[in-house]
Amino acid sequence: MASLFDPLQAGALQLSNRIVMAPLTRNRSPGAIPQAITATYYAQRASAGLLITEATAISHQGQGYADVPGLYGTEQLDGWKRVTHAVHEAGGKIVVQLWHVGRVSHTSLQPDGQAPVAPSAIAAKTKTYLIDAQGRGSFAETSTPRALDASELPAIVKSYRAAARNAVETAHFDGVEVHAANGYLLDQFLKTSSNHRTDDYGGSIENRARLLLEVVRGIVDDVGGGKVGIRLSPVTPANDVHDDAPQPLFEHVVRELAPLGLAYVHIIEGATGGPRELPDRPFDYHALQAAYRNAGGKGAWMVNNNYDKALAEQKLASGEADLIAFGKPFISNPDLVRRLKEDAPLNPPDKSTFYGGGERGYTDYPALA
Ligand SMILES: Cc1cc2nc3c(=O)[nH]c(=O)nc-3n(C[C@H](O)[C@H](O)[C@H](O)COP(=O)(O)O)c2cc1C
């Protein structure tokens, strides 16, 4: 029976335990460049079996929030090199989450102040986070996007692939996680509420999944499937997305991913950061996992959302999961692995320092003596 503290080989990733740090945006990378404290922050958490970085923009167009990092400029990659070096020195493993926000952006963050891009010109009823010239942070309505022309999609696939190669070859990440969750670009293409296209990228399930699969297959060709994970959130209402029939949609997606030899499939159960069950959006996660396994998928099955130790151990013991990703508990507990092992109390997270700022609420949470 697997426990949280057992090692696992997930594709090319040899993990010392089943505890994963979930991706957590912290808005502390001015100029999209990870800083020296970013390296300290991740290295402090290196006892996790795997660290997944905060979402990281694959291109300027993929940016949607102030002071989030990128993977498309030399200084950004130099910043990340410092991070991966510090984590590896501390004995950890780290993958970077590849992000294109699509419509969840603001003209002030886009190249030449243009409109953000999306499958369809439908605004998300959601907010982004901006920082003004005086350094004050605030939440603002996202800008109405323009619909991408099909002729622009190959360039987006290319940006994902270039970012993945930069991550592995230049910045020395152990792998990449494709962010296809939480209402960002790839999730916008998947779901009926945000994709009203009538071309090969809209309409049927096969068409709505096309861009995601082109991106993942391209990255796998470039860096090898064993270094690639993917994050999906079948029913989350985050960033104003909804699908009319998520069960067949996501079963199609995982069946198509099965032959690619991915390191892991990462599923957010329920509403990201909210309830694990949504009465108006039922979803069968067992059936999803079975669809992947029945199609020959060998990647580790990673789950997330509101886990505590008891639920995590239960899911591992029943075989419903191979890896458990913890978000907020890792913000406030750099030594979460040890605390879980010793059943020590957890530091509570301070929400006021989640987004933006410096060391406070970032690198100053205490570890056990
Ligand atoms: C401050 C903060 C930042 C987050 N940033 C990201 C992100 O960059 N990428 C992502 O996929 N999810 C992000 N999430 C969602 C978390 O990865 C996770 O799904 C959520 O917190 C639920 O897990 P938990 O209950 O263990 O915290 C973020 C959550 C929080 C609280």
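Numbering of ligands and ligand atoms starts at 1, following listing order. Quick caveat, the model's predicted, so the values are computed rather than measured. For this chain, numbers begin at 1 and follow the sequence in order.
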Any idea which part of Thr25 is under 4.0 Å from ligand 1, heavy-atom wise: side chain, backbone, both or neither? both
Is Leu323 reachable from Val254 through a run of hydrophobic residues whose side-chain heavy atoms are each under 4.5 Å from the next? no
The answer for which part of Trp99 has a heavy atom under 4.0 Å from ligand 1 is neither
So is Tyr355 in contact with ligand 1, going by heavy-atom distances below 4.0 Å? yes
same_hphob_cluster(Ile324, Val95) at 4.5 Å side-chain heavy-atom cutoff: no
Short list, please: which atoms of ligand 1 are under 4.0 Å from a heavy atom of Lys328? 21 (O), 24 (P), 25 (O), 26 (O), 27 (O), 31 (C)
Enumerated ligand 1 atoms positioned under 4.0 Å from heavy atoms of Phe354: 1 (C), 31 (C)
Could you see which bit of His179 sits under 4.0 Å from ligand 1, with heavy atoms only: side chain, backbone, both or neither? side chain
State if Pro329 counts as touching ligand 1 under the rule of any non-hydrogen atom under 4.0 Å. yes
Knowing that exactly one of Tyr264, Tyr285, Tyr292 qualifies, which makes a ring-ring contact (aromatic ring centres under 6.0 Å, His included) with Trp301? Tyr292
Pair Arg339, Asp335 - check salt bridge (Lys or Arg N to Asp or Glu O under 4.0 Å), show working. CA-CA 6 Å; Arg339 287 175 192 251; Asp335 55 349; 2.7 Å; yes
Which ligand 1 atoms does Gln97 reach within 4.0 Å, using its non-hydrogen atoms? 7 (C), 8 (O), 9 (N), 10 (C), 11 (O)
In terms of atom number and element, which parts of ligand 1 are under 4.0 angstrom from non-hydrogen atoms of Ala22? 17 (O)
Distance-only polar pair, side chains of Tyr72 and Gln63, donor-acceptor under 3.5 Å: yes
Asp308 with Arg276: basic N within carboxylate O range, under 4.0 Å: no
